[in-house]
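A short worksheet on the structure shown next.
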Amino acid sequence: MIVKDSEKTSDISKGLVLLMATVCGFTVANVYLNQTLLVSMSASFHVSAASIGIIATLAQIGYALGNLLIVPLGDIFERKKLILFLLFAICIVLALNALSINKTWMLVTSLALGIVTVVPQIIVPLAANIASGHNRGKVLGNVAIGLVSGILGARLVSGFIDVHFGWRMVYWTSAVATLFMILVVYVYFPKSKGANAPSYKHLIMSLGPLFIKERALQQACVSQGMMFASFSAFWTTLVFLLDTDPYFYGSDMVGVIGVVGIAGAFATPIIGRLIDTKGVKFASLLCMSISLLAFIGLIRGGYWLPGLILGALLITIGTQANQVACQFTIFQLGEEKRSRLNGLYMVSTFLGGSLGSYVGLLAWSKWEWHGVCAIAILMIAISFCSLIPISIPKKTIGNFMNKKGSNT
């Protein structure tokens with residue numbers, strides 16, 4: 001059955017938005033839990049920290065696969081049932097992670113955890129469907145708070161639990177939290193109505209033509225892909241900056257700055273309101289400008305702790321608020337295909353993040369912090385270019401076709 005929410009007589013309640021944001025935060029955190037646990041895992045499995053780093057990569061690859069193969073199911077199945085099924089699957093996989101006896105077991109379960117942890121990308125289209133048209137940007141902004149809090153807060157919480165109770169307890173704690181999320185979703189989440197739908201094969205086969213057809217989707221993918229790339233370059237290399245002159249801090253300081261970054265997530269509802277009043281293009285330009293100015297300031301300000309903290313705050317604001325603007329844009333393309341649109345969009349965002357992490361580390365190895373800032377500025381410049389309309393006049397196309405015909 002394809003999900004097709006009818007027009008609502010009343011707007012989405014603040015309580016439901018808060019619950020959606022909470023479930024998104026707790027769920028997406030599972031992808032990032034392992035990033036602070038790698039050293040402890042390497043000791044448990046008697047392998048090098050470098051060799052076990054693939055666990056973090058596989059979790060993110062799994063998340064990309066889940067966005068491509070599972071998120072589109074929101075356009076076939078009733079979303080509440082799909083969310084509950086995935087939350088049960090997350091509980092099982094988290095338990096398997098906690099019970100891992102060797103590196104291979106952990107690799108497989110980490111990949112599986114990434115695949116089933118795509119619940120937030122099913123909740124976001126659901127929230128967009130429930131919200132009224134004049135309030136949709138604000139709602140998406142509020143839900144995004146949970147996503148950012150989960151991404152940045154996961155490192156801090158997992159590190160604390162690991163130090164005091166061991167890395168396995170991190171996964172057991174998350175499993176218990178997920179059980180609570182199941183209860184919340186079952187009791188409070190609304191059901192969506194359905195109509196006839198194509199097969200799953202037809203749904204997946206439609207992703208390529210959908211991406212080619214929708215120019216707005218392509219622009220959103222490039223825009224947020226490059227913005228998230230700059231975001232990832234910053235957070236991936238931050239630990240190296242803090243380990244060098246003039247800081248010489250430990251990795252725990254990254255978690256502290258991450259908490260500051262979470263505060264930036266609370267700016268996303270403001271961007272949502274700007275989208276509802278000023279338009280999505282204005283909001284996107286503002287978001288990109290915020291991140292661009294932050295990285296320009298960090299070229300020198302990155303070596304001064306207050307400047308670094310301010311930069312982290314502004315980068316988080318710009319990146320996450322731009323995500324809201326891009327999702328608002330693609331959700332205008334059709335209610336019946338929002339899950340597929342969001343799946344394609346999140347795959348591109350994730351690929352951008354992976355690119356940013358890789359290029360950021362490469363830039364650090366060659367030019368250190370100045371190189372990271374330079375590459376991030378270049379990525380944001382590409383994001384700006386995604387807003388430039390590209391159109392070929394019909395007359396030009398006609399002349400080209402006539403010339404081609406005469407040549408043949």
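Remark: Asn30 pairs with Ser174 by the side-chain hydrogen bond (donor to acceptor under 3.5 Å, both in side chains) rule, at least two apart or across chains. Asn142 meets the side-chain hydrogen bond (donor to acceptor under 3.5 Å, both in side chains) test with no other residue; sequence neighbours excluded.
The main-chain N or O of Phe350 is found under 3.5 Å from a side-chain atom of Ser354 such that the two form a donor-acceptor pair. A donor-acceptor pair under 3.5 Å is formed between the side chain of Gln218 and the backbone N or O of Phe211. Between the side chain of Ser365 and the backbone N or O of Leu362 there is at least one donor-acceptor pair closer than 3.5 Å. For Thr27 (side chain) and Cys24 (main-chain N/O), no donor-acceptor pair under 3.5 Å exists by modelled atom type. Judged by distance alone, with hydrogens and angles left aside, the side-chain atoms of Trp369 form a donor-acceptor pair with the main-chain N or O of Leu298 at under 3.5 Å. The closest donor-acceptor contact from the side chain of Asn102 to the backbone of Trp105 lies under 3.5 Å. Under the 3.5 Å distance criterion, the side-chain polar atoms of Thr244 are matched with a main-chain donor or acceptor of Leu241. Checking side-chain atoms of Ser230 against main-chain N and O of Met227 turns up a donor-acceptor pair under 3.5 Å. When atom types are taken as modelled, the side chain of Asp75 and the backbone of Arg340 share a donor-acceptor pair closer than 3.5 angstrom.
In this structure, Val118 and Gly114 approach most closely via the heavy-atom pair CG1-O, 4.2 Å. Smallest separation of non-hydrogen atoms from Val280 and Ala325: CG2-O, 3.1 Å. Counting all heavy atoms, side chain and backbone alike, Leu242 lies closest to Ile257 at CD1-CD1, 3.9 Å. Looking at every heavy atom in both residues, Asn34 comes nearest to Ala59 through ND2-CB, 3.5 Å. Here the shortest heavy-atom pairing between Leu140 and Ala128 reads CD2-CB, 4.2 Å. In terms of heavy-atom proximity, Ala175 sits nearest to Cys91 at O-SG, 3.7 Å.
In this structure, CG in Asn129 is found 4.5 Å from CZ in Arg338, a value given to the nearest 0.5 Å. Between Gln121 atom CD and Thr349 atom OG1 the span is 8.5 Å, to the nearest 0.5 Å. Rounding to the nearest 0.5 Å places CD1 of Ile55 at 9.5 Å from CG of Leu37. To the nearest 0.5 Å, atom NZ of residue Lys213 and atom OG of residue Ser206 are 10.5 Å apart. For the atom pair CD1 of Ile380 and OG of Ser223, the computed distance is 10.5 Å after rounding to the nearest 0.5 Å. If you take CG on Leu341 and CG on Leu217, they are separated by 6.0 Å, rounding to the nearest 0.5 Å.
Figure legend: Lys80 and Phe85 shown without cation-pi pairing, the cationic atom not lying both under 6.0 angstrom from the six-membered ring centre and within 45 degrees of its axis.
For the pair Phe189 and Ile123, the minimum side-chain heavy-atom distance is below 4.5 Å. Taking the side chain as every heavy atom from C-beta outward, Val222 and Ser383 never approach each other to under 4.5 Å. Within the 4.5 Å cutoff, the side chain of Val170 has no heavy atoms near those of the Phe165 side chain. Between Tyr345 and Gln323, the closest side-chain pair of non-hydrogen atoms falls below 4.5 Å. Counting heavy atoms from C-beta on, the side chains of Thr22 and Leu18 come closer than 4.5 Å. Residues Leu285 and Phe384 are in side-chain contact: their nearest non-hydrogen atoms beyond the backbone lie under 4.5 Å apart. Two residues are said to be in side-chain contact when any heavy atoms from C-beta on lie closer than 4.5 Å; Leu69 and Tyr200 meet this criterion. Counting heavy atoms from C-beta outward, Val372 and Trp367 have side chains that stay 4.5 Å or more apart.
Remark: the Ser100 side chain and the Arg168 side chain contain no N/O donor-acceptor pair separated by less than 3.5 Å. Counting only N and O atoms by type, the side chains of Asn322 and Gln224 include a donor and acceptor under 3.5 Å apart.
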* **Full working for side chain to side chain contact (heavy atoms under 4.5 Å, CB included) between Ile377 and Ile299** => CA-CA 10 Å; Ile377 290 171; Ile299 293 175; 4.1 Å; yes
* To do: Kindly indicate, with the supporting measurements, whether the criterion side chain to side chain contact (heavy atoms under 4.5 Å, CB included) is fulfilled by Met20 and Ile130.
  => CA-CA 12 Å; Met20 287 181 165; Ile130 299 172; 3.9 Å; yes
* Could you walk me through whether Leu308 and Leu238 pass the side chain to side chain contact (heavy atoms under 4.5 Å, CB included) test, one step at a time? => CA-CA 10 Å; Leu308 184 63; Leu238 181 60; 3.8 Å; yes
* Asked: Which is it for Met226 and Cys385 under the side chain to side chain contact (heavy atoms under 4.5 Å, CB included) test, yes or no, and what are the steps along the way?
  -> CA-CA 10 Å; Met226 288 295 98; Cys385 292; over 6 Å; no
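Aromatic ring pairs are classed by plane angle as parallel below 30°, tilted from 30° to 60° and perpendicular above 60°; the pair Tyr171 and Trp167 is perpendicular.
The existence of a salt bridge linking Lys337 and Glu214 is confirmed by a sub-4.0 Å separation between a basic side-chain nitrogen and an acidic carboxylate oxygen.
The local environment of CZ in Phe26 is sparse, with at most 12 non-hydrogen atoms from other residues, nucleotides or ligands closer than 6.0 Å.
Between Phe234 and Phe231, a ring centre-to-centre spacing not shorter than 6.0 Å is recorded.
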